[in-house]
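Each chain gets a letter, A, B and so on, in the order its sequence line appears, and its residues count up from 1. What you see is a predicted model, and the numbers here were worked out from it, not measured in a lab.
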Protein chains: 2
Amino acid sequence: MVQKTRRPAASAKSASAKSLLEASGAAVPKRRGRPRAYQPEIALGKALDLFRKDGFAATSLDDLSAATGMNRPSLYGAFGDKRELYIKSYQRYRADARAAMIDIFKDELPIRKRLERIFAVALDIYLSGDAGPRGCFTVMTAASEAVADPEIRAMVLEGFAELDKAFAACFSRAKEKGELASTADPQVLAQLASATIHTIAIRARARMPRKQLEAIVNGAIDVLVGAAST
Amino acid sequence: MVQKTRRPAASAKSASAKSLLEASGAAVPKRRGRPRAYQPEIALGKALDLFRKDGFAATSLDDLSAATGMNRPSLYGAFGDKRELYIKSYQRYRADARAAMIDIFKDELPIRKRLERIFAVALDIYLSGDAGPRGCFTVMTAASEAVADPEIRAMVLEGFAELDKAFAACFSRAKEKGELASTADPQVLAQLASATIHTIAIRARARMPRKQLEAIVNGAIDVLVGAAST
DNA sequence: TGTTTTTTGTACCATCTCGCAAATAATCCT
DNA sequence: AGGATTATTTGCGAGATGGTACAAAAAACA
């Protein structure tokens, strides 16, 4: 039971929901019928947590129902069937991850510092979780669902491309600023940086200790920025 | 239905089984009861294929039964329950992968050539499969099962360590032979090589075209061997 | 031939799976 | 107040799930 209140204290709830909506700039639509007993945002977050922990197939609708505090028909009405809920969870994950990274990617720091921060944030994301490290949703999704489902596959591939591109922009700028040798290929360095992200995501999932993961990250940074300079 | 013959043509079957046993040096034990209608080796191979395609949770005993040609009681008797079968499949996968790699790792080729060959074999393994690329069992297993299952987790971690170690030995030897700069750290390079393996495993699973995967591999090799030499 | 041993085939169990239909409840609008 | 609208609740149902019991079958042994 998570957000299951028989008497929803409607005023407080709608107030918080309202402020959330207003913050995002949308006009408050004044819904017509019976008010929702759940908040889609946080319900989706709970679903995401579950999917990240167990994967698509091993997560049942009962689990999702229990975690979100919504019973099955409500879940169905709000998010569609299990697959749709999975996709929406994945989109939410991507949005969260992007939000956590984007500032660092854009920051005008020395390349080395920037990489350190990016990888540190990634480790935070992958290692968090009460019941063991949750890893990277993209990697898990790629491993299991992307083979058979074209729509999910497209999202995963787009995720890879997005990360590669962000890293490439990083290295390009660093090269312009003279932090890298003129022979350095930003594209190649970006793919190796992504590879580092992927390897720590997988290894974190197998509960490799943070120290070891940080050692991998530090070694990778040395090669990436030291490779063609100094 | 795969190896389901009502009239097993016992002579041929037992002959091949015998030769297999004799080849491995064991005396033929002359089993006592009703002879098996299946060959454990090839049945395990079929199970492995299924698990690689769909993962643990999404593979049902019915699927396994159909693919191996063994009915459930036989499956259970031969390999134990689903989890045990999964573990045995994973061990088989590791043995196969090791067999495919070990010669190249030991070969006395220039480091660059050796890396090219290793990654090429890896790509062959990850991209093969009738119903889409099968990816790397270790990566898939790490992503889904390793979090919750200590025994599986230990195997996965050991798999990572084994790969890291093999690459490290490669780079160490190359360094001794003067193919790498004296500043090169074989350990770090090995982890980056493993990271490259992991990234192509994941991306292959998302059906990234082989050309692109090869480009990633080539870029990685350039950095790995060019990083501290030339 | 008859006993023993091992594997197979059929059937079954209890549980869980996803999705839905019908009834109930809470709000808005007139 | 009374309909309209939207959500929630209960519970169903057809099927799949992992696992097992039991008898028939096929071989070796005595």
Side-chain angles (χ1 to χ4, degrees), chain A residues 1-15 17-18 28-40 43 47 50-51 54-87, chain B residues 1-15 17-18 27-40 43 47 50-51 54-87 89 145 149:
Chain A
M1 308 292 169
V2 175
Q3 45 166 331
K4 190 170 231 167
T5 28
R6 294 272 166 197
R7 293 270 149 239
S11 50
K13 278 245 171 136
S14 63
K18 202 163 90 175
V28 193
K30 264 208 170 180
R31 306 192 48 82
R32 196 118 135 64
R34 176 173 177 168
R36 290 181 163 150
Y38 59 91
Q39 288 169 258
L50 256 196
F51 278 133
D54 298 329
F56 177 81
T59 303
S60 72
L61 282 188
D62 279 338
D63 297 335
L64 291 165
S65 181
T68 57
M70 305 163 62
N71 42 29
R72 253 164 312 182
S74 292
L75 264 179
Y76 203 78
F79 304 110
D81 68 7
K82 193 179 167 187
R83 179 175 163 278
E84 281 184 83
L85 178 51
Y86 185 83
I87 290 179
Chain B
M1 308 295 173
V2 177
Q3 44 167 331
K4 191 169 232 166
T5 26
R6 291 275 165 193
R7 293 271 151 237
S11 50
K13 278 241 169 142
S14 62
K18 203 161 91 174
V28 192
K30 264 207 171 180
R31 307 192 48 85
R32 195 121 134 63
R34 175 172 177 168
R36 291 180 163 151
Y38 60 89
Q39 287 170 257
L50 257 196
F51 278 133
D54 298 330
F56 177 81
T59 303
S60 72
L61 283 188
D62 279 337
D63 297 335
L64 291 165
S65 182
T68 57
M70 305 164 62
N71 41 30
R72 254 169 312 194
S74 293
L75 263 180
Y76 202 85
F79 304 110
D81 67 7
K82 192 180 167 185
R83 178 176 163 278
E84 283 183 82
L85 178 52
Y86 186 81
I87 290 179
S89 297
E145 312 310 316
D149 191 314

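B:Leu64 places its CG atom 8 Å from the P atom of D:dG18, with the value rounded to the nearest Å. Between B:Asp62 atom CG and C:dT10 atom P the separation is 14 Å, expressed in whole Å. For the pair A:Met70 CE and C:dG19 P, the computed distance is 14 Å after rounding to whole Å. Note: NZ (A:Lys82) to P (C:dC20) measures 15 Å, nearest angstrom.
Side-chain proximity of A:Ser74 to the nucleotides C:dG19, D:dT9, D:dG19 is greatest for D:dT9. Proximity note for A:Ala37 (side chain, C-beta onward) versus C:dG9, D:dT8, C:dG19: the nearest is D:dT8.
Residue-level contact check: A:Thr59 touches the backbone only, with heavy atoms under 4.0 Å from sugar-phosphate atoms and none from bases.
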Strictly under 3.5 Å: I want the nitrogen or oxygen pairs between protein and nucleotides 1-4 of chain C, one per line.
none

Pairs under 3.5 Å (N/O, protein and nucleotides 20-22 of chain D):
unit_1: D:dT20; atom_1: OP2; unit_2: B:Tyr76; atom_2: OH; d: 2.4

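Distances shown here put a side-chain N or O of A:Asn71 below 4.0 Å from the OP1 or OP2 atom of D:dT9. The side chain of B:Ser60 places an N or O atom within less than 4.0 Å of a non-bridging phosphate oxygen (OP1 or OP2) of D:dT17.
Residue pairs meeting the salt bridge (charged side-chain N to carboxylate O under 4.0 Å, His left out) criterion with at least one member in residues 60-81 of chain B, sequence neighbours excluded: B:Asp62-B:Arg72.
Residue order along DNA chain D, read from the 5' end via each residue's closest nucleotide, puts B:Leu61 first among B:Pro35 and B:Leu61. Both B:Arg34 and B:Ala58 lie near DNA chain D, and the one whose nearest nucleotide falls closer to the 5' end is B:Ala58.
For A:Phe51, the ring pair (Phe, Tyr, Trp, His ring centres under 6.0 Å) criterion is met by A:Tyr86, not counting sequence neighbours. Shown here are the side chain to side chain donor-acceptor pair (under 3.5 Å) partners of B:Asp149, two or more places apart in sequence or in another chain: B:Arg83. Not counting sequence neighbours, A:Thr59 has no partner by the side chain to side chain donor-acceptor pair (under 3.5 Å) test.
Rounded to 10 degrees, the angle separating the terminal axes of the helix from C:dT1-D:dA30 to C:dT30-D:dA1 is 10°, with each axis obtained from five end pairs.
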